[in-house]
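What follows is a single structure, written as structure tokens, with notes after it.
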Amino acid sequence: MINYEAIRVEYEKMYEDAVTVQRSERVKKPNGATELAWVTKHLNVACRISQTGLAANTQTDTTNDIDYSSKLFLSPLVEIKHGDKLAVTREGLTREYTAGEPFIYPTHQEINLERDVKS
């Protein structure tokens, strides 16, 4: 029998980054009406971000497009949904992403990320 819990604990020793997860949900306003708002679901959860492709230089006179793939690794116990906003901090630098559909294993989950760049 495979001890997935022990393997998950070993994986998590490599998580040196942190992620804060926000999700769009209906929230009730004081007047009783509801509206969509970004709600923090998880705060500073240990994770690991990885670049899965080499960056392509697509800079022009008017734009500097970022073109590479990133993947997030974290515990399968943390609920992430497609479309969640993720703020990932690595070595003091925080970048914002949108989550793709999580692929969950017994020991970890992997999530493809799309970088949110504000011009």
Side-chain angles (χ1 to χ4, degrees):
M1 188 76 162
I2 298 173
N3 185 346
Y4 289 116
E5 175 74 16
I7 296 169
R8 183 179 60 79
V9 169
E10 290 301 313
Y11 275 22
E12 290 174 3
K13 289 179 182 177
M14 295 184 292
Y15 297 168
E16 298 176 334
D17 308 322
V19 62
T20 294
V21 180
Q22 291 188 318
R23 186 169 299 139
S24 180
E25 293 184 344
R26 285 225 166 261
V27 294
K28 195 172 206 176
K29 294 169 51 173
N31 67 3
T34 61
E35 67 180 355
L36 282 176
W38 289 102
V39 177
T40 299
K41 303 305 280 184
H42 304 286
L43 186 63
N44 293 325
V45 175
C47 65
R48 186 162 190 104
I49 192 167
S50 176
Q51 182 175 321
T52 60
L54 296 175
N57 184 359
T58 55
Q59 184 170 343
T60 67
D61 291 339
T62 58
T63 66
N64 186 17
D65 295 330
I66 297 171
D67 187 18
Y68 63 90
S69 298
S70 296
K71 188 177 283 193
L72 189 72
F73 298 84
L74 74 158
S75 168
L77 305 177
V78 178
E79 182 185 50
I80 304 289
K81 292 185 176 182
H82 181 266
D84 283 354
K85 297 292 182 188
L86 309 178
V88 181
T89 302
R90 166 174 254 185
E91 298 177 358
L93 177 65
T94 301
R95 290 191 171 135
E96 295 180 0
Y97 301 89
T98 300
E101 185 175 359
F103 194 86
I104 302 174
Y105 297 93
T107 54
H108 68 287
Q109 62 179 308
E110 298 179 13
I111 303 159
N112 286 323
L113 303 176
E114 181 177 326
R115 176 94 181 271
D116 293 338
V117 180
K118 297 171 182 77
S119 298

inquiry  = Walk me through whether Ile111 and Asp84 qualify under side chain to side chain contact (heavy atoms under 4.5 Å, CB included).
reply    = CA-CA 11 Å; Ile111 303 159; Asp84 283 354; over 6 Å; no
inquiry  = Quick check against the 3.5 Å criterion: does Thr20 have a side-chain atom that pairs as donor or acceptor with the backbone of Asn44?
reply    = yes
query = Side chain of Gln109, backbone of Ser75: donor and acceptor closer than 3.5 Å?
reply = yes
ask   = Does a sphere of radius 6.0 Å around CD in Glu101 hold more than 12 heavy atoms from other residues, nucleotides or ligands, not counting ones at 6.0 Å or beyond?
value = no
request  = Please check if atom OH in Tyr15 has more than 12 non-hydrogen atoms from other residues, nucleotides or ligands closer than 6.0 Å.
outcome  = yes
Steps toward side chain to side chain contact (heavy atoms under 4.5 Å, CB included) verdict (His108, Met14) = CA-CA 12 Å; His108 68 287; Met14 295 184 292; over 6 Å; no
ask   = Which heavy atom in Pro76 sits nearest to a heavy atom in Pro106, and how many Å separate them?
value = CG-O, 3.6 Å
Closest heavy-atom pair and its distance - Asp17, Arg48 = OD2-CA, 3.4 Å
Nearest 0.5 Å please: distance from the [atom1] atom of [X] over to the [atom2] atom of [Y].
X	Y	atom1	atom2	value
Lys28	Glu35	NZ	CD	13.0 Å
Ile80	Arg23	CD1	CZ	7.0 Å
Glu16	Glu91	CD	CD	8.0 Å

inquiry  = I'd like to know whether Leu113 forms a side chain to side chain contact (heavy atoms under 4.5 Å, CB included) with Lys71, so could you lay out the CA-CA distance, the side-chain angles of the two residues, the decisive distance to 0.1 Å, and finally the verdict.
reply    = CA-CA 6 Å; Leu113 303 176; Lys71 188 177 283 193; over 6 Å; no
Any side-chain heavy atom of [X] within less than 4.5 Å of one from [Y]?
X	Y	value
Lys41	Lys81	no
Lys85	Thr98	yes
Val45	Val21	no

message = Do Leu86 and Leu93 sit in one hydrophobic cluster, given that two such residues count as connected whenever their side-chain heavy atoms are within less than 4.5 Å of each other, even indirectly?
response = no
request  = May I ask whether Val78 and Ile104 are part of the same hydrophobic cluster, defined by side-chain heavy atoms of I, L, V, M, F, W, Y residues being less than 4.5 angstrom apart, directly or through others?
outcome  = no
query = Would Tyr97 and Ile49 satisfy side chain to side chain contact (heavy atoms under 4.5 Å, CB included), going step by step from the backbone distance to the final call?
reply = CA-CA 11 Å; Tyr97 301 89; Ile49 192 167; 3.5 Å; yes
query = Going by atom types alone, do Thr34 and Lys29 pair a side-chain donor with an acceptor below 3.5 Å?
reply = no
